[in-house]
Structures are given as structure tokens and as C-alpha cells.
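In what follows, a single structure is set out as C-alpha cells and then discussed.
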Amino acid sequence: MLKVSKVNTFYDKAQALWDVSLNIDEAEIVALIGANGAGKTTLLNTISGLLRPASGSIEFMGQRIDGLPPHNIVDMGLSHIPEGRRLFTDMSVHENLEMGAYPSRAWKGRQETLERVYQSFPMLKERAGQLARTLSGGEQQMLAMGRGLMPKPKLCMFDEPSFGLAPMLVLEVFQVIQSLREQGITILLIEQNVRRTLEIADRAYVLENGRIVLEGSCKQLLQEDLVKKAYLGL
Amino acid sequence: MDITTFTSNKKFWIWGISLLAVLAALATLPQWLGSYYVILLKDILMLVLITVSWVIFSGPTGYMSLASAAFFGVGVYTSALLLPMTGAVLPLLLVIVIAGLVSFILGLLAGALTLRLKGIYFAVFTFGLVLLIQRFLLWFEMNITHTRGRFVLLVEDNTIFYVMLAIFVATLLTAYFIRRSKFGLALQSIGLNEEAAAHSGVNVTRVKVITFAISAVFMGAAGAIYATKLTYIDPYIAFNPLFSFLPVLMAIFGGLGSFYGPIIGAALFSYLQEFLKTEFPFQYMIIFGLLLMAVIVFMPRGLVGLVQRLLASLKEGPEEKSTPGWAIIFCLFGILGGLVGWFIFRERRGARVLLKAGGVVTLIGGAAYLLMFLLTLLGGLGGGYF
Amino acid sequence: METVLNVAVAGLLLGGIFALISVGLSLQYGVARVLNVAHGEFIMIGAFVTWVLYTEFGINPLLCMVIVGPAIFVIGFILYRTMFNYIRIKAPSPDAFEGNSILAAFGLLFVIQYIALTLWGSNIHGYTYLAFPIHLGTVTIAANRLVTLGFAVGISFVFYIFLARTRLGKAIRSAAQDPATASLMGVNIKRVLAICFGLGALMAGIAGVLLSMTYPVNANMGLHYTIIAIIVVVLGGMGSIVGSFIGGFILGIVGSIVSYFDPGLALVAYYAIFILLLLVRPKGIMGK
Amino acid sequence: MSKKILIIFSVIVLLVGGLFVACDEEDDDVNGNGEPPVTKDEIIFGGSRPITGGNAIWEEVGFGPLYRLWISEVNAAGGLYIAEYGTSLPIVYEGYIYDDTSDIGTMTRQLERLMTVDEVDFVLSPASTASLFAGAPIFSKYEYVMLCAEGGATSIEDQLYALPYFFGVLNYSNRYQLPVFADLCLELGIDEVAMIWIQDLHGIEYAGVAATEFANAGIEVLMSKSVPPDVSDVSLLLLEAQASGADALCMFAYPDQNFLIIGTMIGMGINFDAILVGPGGNISALPGIFGPNIEGLMFEGAWNCNSTPGAQAFCDLFDSVYPPGTGDWWGHILYWGGVQFFEQAIVEAGTLDNTVIRDVMATSTFDTVLGPTWFDMFGDGGGLLAIECHAGEIGQWQNMVPEVIDPPNQYGEKRTADPWYPKPDWPTE
């Protein structure tokens with residue numbers, strides 16, 4: 001479904017990604033793990049069009065998307081829930097969700113999608129009229145996820161959805177992600193919580209200093225020394 | 001870097017000596033240049049020194065001050081009050097010192113008032129200061145003193161030039177040492193992150209206010225000497241908002257990244273303005289406007305940024321992405337050629353055609369900028385930039 | 001009592017004008033991040049075109065809005081889509097973009113003024129339209145001023161609804177808060193910012209149309225309005241239509257009260273309010 | 001975009017630029033090399049004029065159109081006969097008119113350039129009162145005749161004794177507009193006036209002189225308020241003026257403010273028995289702006305096509321060259337008289353030496369469009385056009401035509417029509 005081949009990305013003159021390639025098949029959960037500054041967010045930003053790769057190609061559902069602006073990419077069904085939630089804090093919960101359905105493909109059916117999202121996150125419905133800034137951290141994360149679902153994505157990219165949340169809420173986030181897969185949505189997940197991530201994901205890639213150093217199914221990876229030492233603290 | 005360690009630096013002496021040589025050359029200019037060139041040079045020096053003083057505060061901190069016209073105007077008005085045409089109260093040099101002091105105090109006050117403001121609020125407030133003082137002074141003169149403008153003592157051109165040169169040198173030295181001292185470091189840390197600077201022990205308030213006031217001193221002094229050429233002064237003339245915008249424009253034109261950028265930028269910019277006003281009085285606005293736009297579009301880091309880019313591309317070979325760099329070089333040559341042609345042939349009678357030709361080259365340079373811009377637009381259409 | 005009423009009415013009428021000239025700049029600066037110092041020049045162009053259309057072709061100035069508005073919108077849109085967007089992409093940081101765009105807008109100011117000078121010269125022009133008194137009780141109001149006030153309120157209201165309710169309006173608001181995230185939502189950020197700049201220019205053009213009914217028109221009139229608009233926008237909070245609206249009226253009313261005692265101190269008063277407000281609320285009336 | 005295009009384009013730029021330079025170098029060899037010419041083949045006029053900025057209107061409708069008209073007339077007649085060279089020389093000014101952008105610093109610098117670098121033969125006066133003051137010492141220093149156009153000189157009169165090259169032609173507040181207006185008020189029975197003046201040299205001079213003149217005439221000033229140049233609303237001032245019950249309203253401001261005041265008066269239906277408009281009331285664009293509303297408005301500085309014997313010819317000449325709406329019923333006839341006087345002084349002097357011409361101007365009387373014309377000299381210093389030569393001081397729009405309505409005084413009878421009093425109401429639409 002998503003095919004990234006030999007992508008190189010720069011910040012000004014500093015190279016952040018080196019020949020990164022990855023593959024995601026339909027209805028998979030693929031995890032991307034790595035230390036801070038390994039280039040995970042850069043990779044997501046490159047896929048979603050916020051950054052332009054200097055070389056390499058990215059294909060989504062058989063179409064080249066590298067070099068396209070972000071709004072075209074989301075229009076094709078690739079939703080990116082960015083790091084740090086990035087809500088529109090001066091807009092209401094309802095409006096934030098509506099913004100999620102901005103692509104014209106999703107705009108028409110936004111009422112139905114909205115109902116579905118409200119079903120998944122009932123608390124958002126209660127707070128529909130509130131400004132996003134008045135929500136608690138957990139509620140904000142739910143809103144960000146709900147907003148990410150509004151464009152009816154085929155592939156969702158989550159960038160540290162559990163960051164800064166209480167353990168209870170972390171669990172909820174993971175449940176939601178799993179339930180998405182059941183709805184047929186493909187997922188690319190970045191998480192600090194490596195153990196739990198590897199539990200729910202099918203496959204994973206390990207990113208270090210902008211390069212993919214390991215890849216494989218989660219079971220395999222759990223056996224790798226590198227993963228054990230660096231990410232599981234074993 | 002401490003001043004003492006720096007003065008032992010070899011580079012310092014090289015720069016120092018070459019600067020002295022340039023200054024010495026400047027000092028002898030009135031001996032063999034006509035009075036117009038002395039005045040022009042004086043005005044260019046003034047604009048450069050105002051730009052440099054602006055950069056002292058606004059460069060490292062990133063606060064865009066538009067108070068320059070207020071500081072400058074205070075200087076002009078001090079002259080108007082203390083150096084009336086009918087018998088000066090005080091000697092010229094003393095008046096200039098007083099003007100600097102008054103500006104300093106105004107800088108302290110304005111600095112203290114604006115501590116809480118950041119970004120555009122600071123810019124708008126400082127600009128407001130100019131109009132506020134202008135209007136209040138005007139109201140005061142109209143309603144309280146009933147003054148019909150003030151006449152200022154005329155001072156001999158060469159004297160004005162040398163005084164301006166002295167203020168210029170003082171400004172450069174101050175700017176240089178502030179930049180190289182602990183104080184400059186503190187300023188830069190404020191520019192990068194004010195909270196972090198405060199946490200690391202910088203007295204942010206004090207550093208900001210004092211630097212703001214120091215940058216005001218030279219503008220005030222320059223205003224005081226500038227006034228002696230104007231004959232007639234009223235608050236509108238003294239507090240001309242143009243002097244708020246010029247230093248910003250000139251500094252960005254030259255490039256804020258380095259010490260010499262604003263100096264070169266201001267010198268070229270002011271000369272270019274004079275050139276256009278006299279050679280192309282009827283097209284001055286459009287050429288100047290297009291040039292400003294072209295500079296920002298093609299040289300967002302100013303002249304210095306452009307030179308650095310060119311040097312880098314010479315070293316590392318041409319960049320992979322096509323930039324209109326070469327066109328810019330040629331255009332600059334055109335402009336430079338035009339200016340040189342103008343400068344050399346200006347005094348010869350009957351050479352006006354040639355001068356116009358120099359101007360035509362300049363025009364083509366400007367047109368080339370524009371065309372390159374359009375081409376870039378067209379070229380970028382497919383690339384997703386546009 | 002009658003004096004108080006007169007001062008209040010004059011303040012309201014003036015406030016309407018101030019609000020009208022500021023709303024556009026608020027959009028341009030609050031969303032598109034361009035402190036457009038050429039804003040007043042767009043007002044000037046609007047006024048000049050109206051003058052030409054009215055005196056040469058006899059077209060009703062109110063009708064001119066329909067002609068001038070869209071035309072200036074297109075100009076603003078293209079300007080942003082090409083030049084300012086290019087500067088935005090090339091700028092290393094948003095702050096650098098703001099600084100550079102002011103400079104480019106300065107260039108624009110010179111260019112537009114040159115065009116106006118070439119086309120219409122530096123002479124003062126004007127026309128009289130709807131110049132008759134309307135008596136409301138003890139208060140007398142010039143009809144053209146009342147119309148201007150009506151349009152100022154109406155247009156600001158329409159704009160407010162547009163931003164609050166429509167899809168494009170929401171896109172504009174989201175782009176104002178976080179352009180990168182808005183683009184992840186599917187907002188074509190280049191287009192939306194260009195639309196914002198265009199709408200700002202359109203508002204300036206319409207303000208020009210209305211102003212030309214009361215104020216003399218000449219090529220140098222722009223900067224004065226730019227300065228007032230900047231004060232009002234900062235006073236009201238950047239990007240806030242409501243803020244600009246309130247800010248405009250506050251300035252107008254204070255201006256009138258002070259003018260009643262001494263017109264020479266009006267601008268001093270504006271700055272006094274400005275400073276006081278910034279000391280109390282450093283982000284403006286509606287700022288966050 | 002390929003780099004090739006860039007390089008090719010740049011080469012073209014360079015070639016074209018080089019071509020221009022190369023072509024003109026030959027010209028330069030023909031004209032410019034060798035010794036400076038012994039004989040002159042043209043008279044060069046230079047000037048630092050406000051082509052852009054706040055004063056640009058004066059270059060467009062003030063002295064600007066007149067010096068251009070005059071020079072083209074002189075050249076059409078074969079130039080000026082200069083005895084020293086024994087031939088008639090055409091006048092050239094193209095390329096020597098600089099834009100001072102309405103900035104005094106720039107203006108003074110450009111004057112120095114014209115006088116010391118370009119060494120032009122004559123320098124035109126800069127525009128605006130403040131510019132005259134700042135420029136006058138420079139003209140005197142380099143001994144160039146300064147034929148002053150747009151700008152009054154009340155404040156500078158004391159200093160004229162030290163400015164021998166200053167020749168002011170414009171009439172202004174105390175010479176002799178406001179004394180005449182005070183007489184007019186007495187004639188019409190106006191005994192209470194309100195004044196609105198601009199916070200600027202112009203405003204304070206007029207308001208000051210008016211206060212003195214009105215006091216002398218026993219006229220009471222009920223209101224005297226100043227406005228800043230960027231005033232946005234004058235309705236309260238007008239209500240106050242109306243409430244004061246004054247017979248006449250005087251506006252001593254610039255066209256921007258005056259037009260706003262007039263427009264507001266029309267809009268609010270506020271009228272006075274007499275309304276005196278400062279600069280702006282005189283420009284011929286006024287009927288186009290306010291239409292029939294201008295009937296009965298008075299303005300400062302006045303003439304019309306019948307006010308002197310030569311005026312009609314001048315009107316015809318002007319109208320044949322310039323479009324309607326660019327005339328000026330205050331200064332144009334005075335500027336025209338001034339340049340005609342200057343022209344005769346140059347020919348009489350027979351040289352381009354400004355010191356000689358200055359002495360001729362100081363001592364001679366020539367016939368111009370104003371009739372016999374001479375300057376009142378201030379000791380060994382500069383001079384001002386004699387009041388007797390003024391075409392008129394106060395005008396009034398009557399049947400869409402400017403008429404001079406000065407009451408007769410010791411300087412002569414200049415009235416072209418009887419004043420309308422009281423001013424008619426604003427016509428209703």
C-alpha cells in the first residue's frame with residue numbers, strides 16, 4: 001500500500017534520512033521505532049508531504065506522492081496525526097473534527113463520519129462546543145485521533161499518540177489503534193512505548209541516525225539483541 | 001570573548017589598521033572633492049551610522065525597533081533649540097553631546113516602557129513613539145510657545161563632515177566592541193531565547209534597556225549635526241518617519257548576519273537612492289520599488305548572503321538546484337558599471353548620454369532580476385513550489 | 001447633552017471608517033503573515049478607480065464596489081501566490097518571512113504609488129456623492145458617512161459569518177493558527193493564504209470606494225490609512241475581525257472625544273490608548 | 001529551469017549593456033573630450049523639485065507646468081538672446097530636474113549638486129515654504145538667483161536682508177491677502193469669524209496674521225482651532241463653528257484638509273455667510289470636485305483671465321497646452337509674471353552671470369503679464385514682488401468662474417466683480 005524507496009531528506013544542508021526504504025501492506029500495523037532524533041518524525045513528515053525528499057520515491061496505492069503538497073496526499077487517503085497533537089486550540093471540538101474532514105472527498109459525508117467518531121470517542125460529543133484548548137491532555141489526544149479519522153483515511157500515521165498520557169489513557173489509545181485495524185485501516189505507528197507497540201504491530205522498522213538498521217516481524221524483532229538492549233532495557 | 005583577549009588578537013590589528021587607513025582616506029576627501037560630494041558622503045556616513053546603531057540593538061536581539069526616527073529627531077530638535085540662527089547658546093560640540101545624552105535618556109525611558117512587548121507589538125510601539133513625540137512637540141510649539149518653526153545656525157560643510165565622521169567612527173567602535181564583548185553575547189542569547197538567557201544569569205532587562213539607549217546615543221548625535229544643514233526645522237522635518245524605516249531596510253538589504261553587511265548595505269542603498277532621484281527622477285519610485293522586491297525575492301539574506309552563496313558555489317561547484325545566481329552577478333555588474341560610469345563621467349560636460357547609458361545598463365539589470373523571477377515562477381510551476 | 005450626542009455620533013462614524021480600513025489588514029497580517037505596508041495603497045487604488053468610474057462613466061460609487069472589489073482581490077491573490085509565497089518558502093523561519101515580507105511590501109508601496117502617479121498625477125481629486133444632510137432628532141449626519149458606516153458594519157458582519165461558518169472560513173482560521181497542520185488536514189495552504197491576502201486587498205479596495213465619497217483622493221493618501229490600520233489591528237488583536245472592529249470603534253470614539261477639545265491631540269490620544277492597552281493586555285483586545 | 005538559459009540570458013544582458021556603453025562612448029568623444037567649449041550653445045536650468053511625496057501636487061499644478069510652458073515658449077521663439085555670446089541660446093532643463101521626494105535634506109543636497117557639480121546656469125526654486133527657507137542660504141552662498149514660487153515668506157522677512165538672491169513672487173498672508181480680507185469683511189459687514197488652521201508653518205502664519213488683522217479691523221474671532229494634517233473628521237469642529245454664530249469661516253489649511261472640510265460642510269448642510277478657503281480653493285480642479293457647490297466660495301490669492309491686460313493671452317496659451325483642471329488661480333499669473341520678468345532681466349544683463357542678473361532684477365521694472373513689474377527690495381538683501389503688481393488677493397467663485405473681489409486700497413483697484421454676500425446655500429441634489 002505504501003512503498004518508500006531510498007528516500008533522502010535534508011534540513012537545509014544537514015541530512016536527516018539516508019536511503020530509507022519501507023513497505024506497508026494493506027490492513028497492517030507497522031511500527032517505527034528508534035531513539036529521539038533518529039528521524040522517525042522526519043520520515044512521517046516526508047511521507048505526508050510536509051518535507052520534500054531530495055531523492056528517492058514514495059508510492060501510495062500505486063501512485064507517486066513524493067513532491068506532492070500535503071493537501072493532495074491527505075486527499076488520497078493518507079492521514080497523518082502529527083506529534084504533539086497540533087490541535088486548532090482556538091476552535092471548538094466540533095470545528096476541529098470538521099477541519100479533519102476538509103478534503104472534498106470527505107466533506108460531503110462529514111456528518112456520518114462525525115457520528116462514527118463520536119461513537120468511538122463519546123466524550124468528544126459531550127464537549128463538542130468547547131474550545132479545544134480547554135480539553136485535558138487525554139481528551140486532546142482523543143480529539144487529535146478523531147480528527148485524523150475524519151478524512152476517511154486508508155492509511156493512518158500516528159506520531160507518538162501516547163506521549164504525556166497517564167497509563168490508563170495509554171491503554172485506551174492502543175485499544176483504539178487496534179480497533180482501527182479491524183475497520184480495515186492500515187497503520188504506521190511511532191511510539192516510545194516499544195514493548196506494547198511490538199505487541200500490537202505486525203511488523204516493525206528500527207531507525208537509527210536516519211537509517212533503517214533493522215526490519216522484520218515483531219516476533220523476530222523481540223528476539224534481536226539490539227532491540228532488547230536499546231529499547232526494551234533487557 | 002573578552003576585550004583584552006581580543007585586542008591581542010592578530011586579526012583585530014589587521015582589521016584595525018585597514019579601518020584606520022580607510023578613515024584616514026575619508027578624512028582627506030574634502031581636500032580634493034567638491035562640496036556636493038562632501039555633503040553626499042556626509043549623508044551616506046550618517047545613514048550608515050544610523051543603520052549600524054540600529055543593528056547594535058535589533059540585530060542580535062531580533063527586536064525590530066522603529067524608534068530610530070524618534071532618537072534622530074530628538075537630536076535634530078536639540079540642535080534647533082540650542083543652536084538658533086540668531087546666536088547659538090552653546091558651542092556646537094557640546095550641543096552634539098547633549099543631543100546624544102537626551103537620546104540616551106529617551107532610549108532608557110522607551111526601553112523601560114516596552115519591556116513587556118515583543119515582536120510586532122514592539123515594532124508598532126516604537127513607531128508610535130516617533131509620531132507621539134512629533135505630535136506632542138507640534139502641539140506644544142503651536143499652542144504653548146507659538147513658534148513658527150525654528151531656524152538653525154548654519155555650519156560650514158567640512159565641519160559637518162568631520163563631526164559626522166567622528167560620530168561614525170565612535171558608532172563603529174562601539175558596535176564592534178559590544179558585538180565582541182560579554183555584553184554582545186548576552187544580547188545574542190536574548191535573541192535566541194529570552195527565558196533561557198534569564199535563567200543562565202543574564203540580567204535581561206538591564207542588558208536590553210542599556211543597549212537600546214546606547215544605540216540611541218549615536219542617532220541623536222547624528223541628528224544634531226544633520227540639523228545644521230537644514231536651516232529650517234519643525235517637528236515634521238525633525239521626526240520624519242522615513243528615518244525609522246530606512247535603517248531596517250538598509251540593514252536587511254546588506255544582510256543582518258555579519259558586522260559589515262549593514263555597513264555595505266546602507267552605503268550602497270543610500271547611494272543608489274541618490275542616484276535614482278537625480279538620474280531617473282520620474283522613474284525613481286518604480287525602479288526603487290522593483291529593486292526592493294527583487295532584492296527580497298532573490299537575496300533574502302541580503303548582499304552579504306548573496307556574496308557568501310556565490311563564494312560557496314565557487315568553492316563547491318555550482319549547486320544542483322538552478323538558482324538565478326549567475327544572472328544576479330551579471331545584473332550587479334551592470335548596476336556597478338552604471339554607477340562607476342556615472343561617478344567618473346558625471347563632471348564632464350556633454351557626457352550625459354553616457355551616463356544615461358550607464359543607467360540603461362542598470363535598468364537592464366533590474367529588468368533581468370524581474371525576468372529571472374518570472375522564469376523561476378514558470379520553472380517552478382511543475383515542481384510544486386507554486 | 002446635545003454635544004455629547006454629537007461627539008458620540010461623530011465617533012461612531014469615524015470608528016466605522018477605521019474598522020473598515022483595518023479588517024483587511026487584520027486578515028493579511030493575522031493569517032497571511034504579511035504586515036502589508038502597502039495596504040493604504042490598495043485603498044488609494046480603490047478610491048481612484050471609483051473616482052474615474054464615477055466622473056468619467058457615471059457609474060454609481062456603490063456599484064463600483066462590485067467592480068473594484070473582485071479586481072483588487074485578483075491582484076492581491078496573484079501577488080501573494082507568486083511573490084509572497086516565494087518569499088515564504090525561501091525564508092528560513094516565520095520571523096524571517098515577516099521581516100522580508102515587510103520589505104517586499106515596501107517595494108510594492110513604491111510600485112503602486114508610481115502607477116497611480118503616472119496614471120492620475122499628484123493632483124487632488126474628488127467628487128460629491130450622497131452629500132446631503134440627514135436629520136435624526138437633534139443630530140445631523142452626512143448621508144455618505146452614514147452609508148459608509150452601514151457598509152462598514154455590514155461588511156464586517158458578513159466577514160465574521162464567513163470566517164465562522166463556511167468551509168473556506170474555517171480553513172482560513174485553521175491556517176492562521178497552524179499552517180502546517182492545516183495542510184495535513186487537506187487545506188491547500190498556498191491557496192488559502194493567497195485568498196486571505198486577496199480578501200485583505202479586496203477589503204482595502206472597498207474601503208477605498210467608500211472613503212472616496214467623503215475624503216479627497218490623491219496618490220499620497222495611502223500611508224496615513226496604513227498607519228491607522230496598523231494601530232487598530234494591533235490594538236484589536238491580530239487576525240481577529242471582531243478585535244479590529246472593536247478597536248476601530250474605540251479609536252474613533254476616543255479620537256472624537258479628544259478632537260472635541262483639541263483635534264491636534266487626537267493622534268497623541270490614539271497612542272496613549274495604545275500604550276495603556278498594551279501594558280494591560282499585551283496581545284490586544286481579542287488577542288490570545 | 002536549466003542553467004543554460006540563465007547563462008545565455010546573462011550574456012545577452014551583458015552584451016546589450018556593453019553595446020549601449022560602446023555606442024555612447026563615440027558620442028562622448030565628439031562632444032565631451034578636449035577643452036570645454038568657448039561658446040555656449042545652450043542655457044541650462046536645473047531644479048530640485050518634488051516629483052514625488054507630499055508636495056508633488058505643486059510640481060504638477062503649481063510652478064511645474066509654468067516653467068515648462070515658459071521654457072518651451074522661449075525655445076519656440078529661438079531662445080534667449082545673450083549679448084555676451086552674441087547669439088540666442090535655447091534653454092535646456094531635461095535631465096537637470098531632480099526629485100527631492102518632498103524631503104528637505106535631499107533638496108539641499110541636490111541644490112549643492114546642481115550648483116557645484118552640474119554648474120547649471122540657473123536653478124529653479126524648490127517648492128513649499130520650508131524648502132524656500134532651507135534653500136535660500138544655499139542660493140545666496142553660490143550666488144544663484146532664486147525666483148521663489150510656491151511658498152510664503154512671512155517668517156523669513158527679517159532674514160531677507162541677508163539673502164540678496166531671494167526674489168519671492170507669491171502673495172501670502174501679510175502681503176497682502178489678509179489685510180485685504182479684513183477690509184472685505186468691513187465692507188460686507190462681517191464682524192465675527194471662525195478660523196480652522198493647520199498645525200504647520202502655513203497654518204500658524206495665517207492664523208497669526210489673521211488674528212492681528214482682524215483685531216485691527218475690530219472683527220471678533222469667535223473660534224480659532226488647529227487641525228493636524230492627517231485629520232480624519234472635522235464634523236465636530238464645524239458644528240462648533242456653526243454654534244459660535246460666526247459670519248465667516250476661514251480655513252487656513254492645505255487642499256487635503258480644505259476639501260475634507262468643504263465636503264463635510266456640504267454633507268452636513270453647514271453654511272456660513274462667507275467661507276474663505278486656503279490653498280486648494282484656487283485650483284481649477286475645484287469645479288470638477290464640488291460642482292455647483294463652489295458658488296460663492298472665497299479663496300486666497302486671486303486672478304482671472306480679465307484681471308490684467310495680458311491675462312487673457314496667458315489663459316489662452318495655458319489652455320492650449322494643458323488639460324483643464326491643472327490651472328491655479330492663486331499663483332500662476334504671478335509665476336508667469338515672475339518668469340517674464342526674469343527673462344527680460346537675463347536679456348537686459350546680456351550675460352548668464354547671476355550676480356549681474358540679480359542687480360538688474362533688484363533695480364529694474366519690466367512689463368509683464370502683471371503690467372509694470374518690480375520688486376520691493378530689503379536693503380542690500382532679497383526682494384518680494386511689489387504689492388502693486390499682485391493681480392488680486394481674495395477671489396470668489398461666481399457662476400463657476402473665479403473673480404477677484406478685493407476692495408480698492410492704496411495698491412490699486414483689482415476687483416473684477418462685486419462680491420456675493422451672503423454666500424448662497426449649498427445646492428440640493
Can you tell which part of [X] gets under 4.5 Å to a heavy atom of chain D, answering side chain, backbone, both or neither?
X      : answer
C:Y114 : neither
C:S256 : both
C:L267 : side chain
C:H224 : side chain
C:A10  : both
C:I17  : neither

Charged N-O contact under 4.0 Å between D:R49 and D:E150: yes
By a 4.5 Å heavy-atom criterion (distance strictly below it), what part of [X] contacts chain C: side chain, backbone, both, or neither?
X      : value
D:V227 : both
D:S235 : side chain
D:L260 : both
D:I57  : both
D:E59  : neither
D:I270 : neither

Max heavy-atom pair count under 4.5 Å with chain C, selected residue of D:S232, D:G263, D:G269: D:S232
Show me, pair by pair, the donor-acceptor contacts under 3.5 angstrom made by side chains of residues 284-295 of chain D, not counting sequence neighbours?
residue: D:S284; atom: OG; partner: D:T326; partner atom: N; Å: 3.4
residue: D:S284; atom: OG; partner: D:G327; partner atom: N; Å: 2.7
residue: D:S284; atom: OG; partner: D:G327; partner atom: O; Å: 3.2
residue: D:N293; atom: ND2; partner: D:F290; partner atom: O; Å: 2.9
residue: D:E295; atom: OE1; partner: D:N399; partner atom: N; Å: 2.7
residue: D:E295; atom: OE2; partner: D:N399; partner atom: N; Å: 3.3
residue: D:E295; atom: OE2; partner: D:M400; partner atom: N; Å: 3.1

Proximal to chain D - members of residues 211-219 of chain C, heavy-atom separation under 4.5 Å: C:T214, C:Y215, C:P216, C:N218
Heavy-atom contacts under 4.5 Å, residues 115-124 of chain C to chain D: C:L117, C:W120, C:G121, C:S122, C:N123, C:I124
Residues in ring-ring contact (aromatic ring centres under 6.0 Å, His included) contact with C:F151, at least two apart in sequence or another chain: none
Closest approach of D:W397 to D:G281 (non-hydrogen atoms, all atoms of both residues): NE1-O, 2.9 Å
side-chain contact (heavy atoms from CB on, under 4.5 Å) between D:Y206 and D:E300, intermediate numbers included: CA-CA 11 Å; D:Y206 271 77; D:E300 299 154 358; 3.5 Å; yes
Within the 6.0 Å centroid threshold, strictly below: C:Y225 and C:H39: no
Within 6.0 angstrom of C:Y260 OH, more than 12 heavy atoms from elsewhere: no
Candidate list C:V233, C:I230, C:V234, test side chain to side chain contact (heavy atoms under 4.5 Å, CB included), partner C:S22, passing option: C:V233
